[in-house]
Amino acid sequence: MSASSAVLLLGEGWYTGRLGFHGGRRNIYGEHRALLAQLEIVYVDGTAETVVTDEHWRTAVGPVLRSEIYDGEAYDARRERPGWSAPGHDASDWAPVRELPPIRAELVAPTGPPVRRTQTVAPVAVITTPSGKTVLDFGQNLVGRLRIRVSGPAGHEVTLRHAEVLEHGEPSTRPLRIARATDTYVLRGGGVEGSENVEVYEPHFTFHGFRYAEISNWPGPLDPADIEAIVLHTDMARTGWFKCSDPLVDRLHENVVQGMRGNFLDIPTDCPQRDERMGWTGDIQVFAPTASFLHDCSGMLTGWLRDLSAEQLARPDGVPPLVVPDVLPAAFQGVGAQAVWADVAVLLPWTLYRRFGDLEVLRTQYPSMRAWGEATIRLTAEGDGLWRQDFQLGDWLDPQAPPDRPGESRTDGDLVANAYVIRSAEVLAGTAELLYRAGHLAAGKDDAVRFRAHAQAVRERLADHFVTPDGRLASDTQTAYALALAFSLLPTERQRRGAAERLAHIVRRASFRIATGFTGTPLICDALCAAGEPQLAYRMLLEKDCPSWLYPVTMGATTVWERWDSMLPDGTVNPGEMTSFNHYALGAVADWLHRTVAGLAAAEPGWRRLRIAPVPGGDLTWARAAHDTPYGRAEAGWRVEGTKGDILVVEALVPPNTRADVQLPDGRDPFEIGSGRHTFRCPWVAHT
């Protein structure tokens, strides 16, 4: 080896570690932990040296005995090798490495920022549980790990166990399923509390989703100042904010932000705590409009889409997998194509283009987008012009689904699937046309015609099979009508009017409680606004009884839950397996808060043109949103003024070199404004 050297610490990670639920699988990508590295050194005199991984490297087992994503880390500080990462360390007792054949995969640079430590959180309380356990409460459900400072005798083992919630006063680990989420630290000894030999430990290759940490076998009295939580996530820049006059709605929005941070950890995961943590395609498909307002996630999601394309196009049927990377157990590989989830191949690139204005994402992803479009043509041709399938995830986690049968939705899965066929085909047609006009796709004009005709044919068949002449749907549910109205599925004015009236009726009949799962929830408020019932949308937003957006907030939630009732009103955890307390999908309502409640949206891709169109309502007296666009800060908001609350003040900040279309809620015609700050006043009659 040369005079220069490099040292690295290896963990199992995604490469050889256990991944997936029901026990999962190991060694999905390889059987051996291995290193491929090249270090290029340029000296001040201009000379250069390259250090590569070759047969001259040596290896040894250090203090990290186990470090896994789900189960946590075991670290024995007595096995530390002092100075092991410093130049000149004696590695004579280290073993030679074994060279492996070169990998055949193409190596590409990541497009997004890395995962970083972004925050430290101190405990807000020390709890002694009914059984006598010592538990730290960090006041926020977060994702990361603990850093401890501890002194004690050599060989003393401290155990750190993580949980999101307490149940009957004890850490509830059942929602983790078989993930142990436990770290252990064996002290090297030789120090006493307060001396320079205090040992500092933070796990290396694991992370946990938790608010509570159970500390076992701490040597001596526990000082909570000796333990802090380290927050980890992909280090995306924050770009979007929302505030309003209702503190519960503000807490809901903050829960959405915290849930996104915890689940954007290298890939967009479904949850960060149990034996799953996978890149479920349906979750990010419905949440992407919210995500792309709150953070600059363009680089991370562009890279994830590149992985999706690689997985999808390697399949003969062109159907995207349910999770990316595709690490599902074999038993779940045969469930067939799934609408909403597979549609991420088309709808996520379109969302990123609309939000960030980069046509390149459409050009790069078009083969993947088109492959899913062609698959839907085959799927509808195999039926009667509609996609028919025995099982669809559909409106996953409908609030009335039994705890042990989360896919048992009141909305017909075939209705959901064909609604999404239409939506994706229309987006695909628009994409093909854009790429053709930009000179990136010679066949784009023909593709646009093909997929537009496909959308129209399925729309006609859907109307024939699922819709009555007066707009009643075969599934008389909030989700069905939300799809019909938000996706413009109904061909006649009579049907549109009838569907709008029926949706309003069933929302009132439900006492304004939400009755939608993963599919309907992102659409229900927009559908009510399209039906001319924005105040019903507000009434649903502000409802506190379960199921509702604010019910978890009233139960102390600090992130968005997987189920509306992940925790039951009596404080017990839902008995089903799907009981994550950090799942962003149902937080997709934040997109409506930004666009409609505050009234701030992009009117053209990349925010070159804005839309300022607030729709005040409920008992809110003010709301505002801000977004850092490529041109600068954009803001929109409103407040009620006047001694009788009869004046509405709308304010907007339009960034330099952009324009905005303004639609005030007093009914006047839309108008255009330029850059700068603007204030408008109009008469107002509150609606509650």
Side-chain angles (χ1 to χ4, degrees), residues 65-68 70-78 119-189 191-195 197-204 206-232 262 272-274 555-559 567 571-573 579 581-582:
L65 306 181
R66 169 181 54 80
S67 193
E68 302 186 29
Y70 299 157
D71 293 334
E73 179 168 296
Y75 188 97
D76 188 343
R78 297 171 301 178
Q119 185 183 4
T120 59
V121 179
V124 298
V126 180
I127 300 168
T128 300
T129 73
S131 66
K133 297 172 182 174
T134 299
V135 173
L136 298 183
D137 177 6
F138 289 90
Q140 169 68 50
N141 197 13
L142 55 86
V143 176
R145 52 207 183 201
L146 298 179
R147 181 187 291 151
I148 65 173
R149 289 171 289 275
V150 61
S151 296
H156 189 94
E157 181 174 297
V158 174
T159 300
L160 315 171
R161 192 171 70 147
H162 305 77
E164 292 185 296
V165 295
L166 300 180
E167 186 176 24
H168 306 305
E170 302 286 348
S172 179
T173 57
R174 183 175 60 79
L176 302 177
R177 300 195 294 224
I178 65 171
R180 293 183 59 222
T182 299
D183 301 324
T184 59
Y185 179 73
V186 178
L187 279 70
R188 62 176 173 270
V192 296
E193 189 173 1
S195 77
N197 292 319
V198 170
E199 301 175 36
V200 179
Y201 167 66
E202 177 187 338
H204 300 77
T206 191
F207 65 94
H208 310 288
F210 67 100
R211 172 174 172 169
Y212 300 94
E214 177 189 330
I215 313 299
S216 300
N217 203 30
W218 191 265
L222 174 63
D223 182 351
D226 287 333
I227 302 179
E228 58 188 353
I230 309 299
V231 176
L232 302 172
Q273 73 297 96
R274 67 188 181 212
M555 294 291 289
T558 60
T559 43
M567 180 172 284
T572 59
V573 173
T579 52
F581 290 89
N582 192 352

Exercise for the section: Would you check if Leu187 and Val158 make a side-chain contact, meaning some heavy-atom pair closer than 4.5 Å? Expected result: yes

Problem - Side-chain donor/acceptor of Thr128 to backbone N/O of Thr134, under 3.5 Å - result: no

Handout entry: Donor-acceptor contact present, side-chain Glu167 to main-chain Gly571, <3.5 Å
Key = no

Problem - Shortest non-hydrogen contact from His168 toward Thr572 - result: CE1-CG2, 3.6 Å

Practice task
To the nearest 0.5 angstrom, please state how far the CD1 atom of Ile230 sits from the CD atom of Gln119.
Solution key: 9.5 Å

Exercise for the section: Could you tell me whether the side chain of Asp183 and the main chain of Glu73 form a donor-acceptor pair under 3.5 Å? Expected result: yes

Problem - Heavy-atom pair with the smallest gap, counting every atom of Gly139 and Asp137 - result: N-OD1, 2.7 Å

Practice task
Say whether, by atom type as modelled, one donor and one acceptor occur between the side chain of Arg78 and the main chain of Gly189 under 3.5 angstrom.
Solution key: no

Handout entry: His162 and Phe210 aromatic ring geometry - parallel, tilted or perpendicular at 30°/60° bounds
Key = perpendicular

Practice task
Verify, without hydrogens or angle tests, whether Thr206 (side chain) and Glu68 (backbone) share a donor-acceptor contact under 3.5 angstrom.
Solution key: yes

Practice task
For the pair Tyr201 and Tyr75, name the ring-plane relationship: parallel under 30°, tilted 30 to 60°, perpendicular over 60°.
Solution key: tilted

Exercise for the section: Taking the side chain as every heavy atom from C-beta outward, state whether Phe581 and Val573 have any atom pair closer than 4.5 Å. Expected result: yes

Handout entry: Student check: side-chain heavy atoms of Tyr212 and Leu166 closer than 4.5 Å
Key = yes

Exercise for the section: Report the distance from atom CD1 of Ile148 to atom CG of Leu160, rounding to the nearest 0.5 Å. Expected result: 5.0 Å

Exercise for the section: Please examine the side chains of Glu199 and Arg149, heavy atoms only from C-beta on, and report whether any two atoms are closer than 4.5 Å. Expected result: no

Fill in the blank from the handout: Between Tyr185 and Ala77, the two heavy atoms sitting closest are OH-CB, 3.3 Å

Practice task
Might you point out which heavy atoms bring Ala163 and Pro171 nearest each other, and give the distance in Å?
Solution key: CB-CB, 3.9 Å

Practice task
For the pair Arg211 and Glu164, evaluate salt bridge (charged side-chain N to carboxylate O under 4.0 Å, His left out) and give the outcome as yes or no after the intermediate values.
Solution key: CA-CA 5 Å; Arg211 172 174 172 169; Glu164 292 185 296; over 6 Å; no

Handout entry: Heavy-atom check, side chain of Leu146 versus side chain of Ile215, under 4.5 Å
Key = yes

Handout entry: Donor-acceptor under 3.5 Å (Ser131 side chain, Thr129 main chain)
Key = no

Practice task
Could you tell me whether a side-chain N or O of Arg145 sits under 3.5 Å from a main-chain N or O of Pro203, the two making a donor and an acceptor?
Solution key: yes

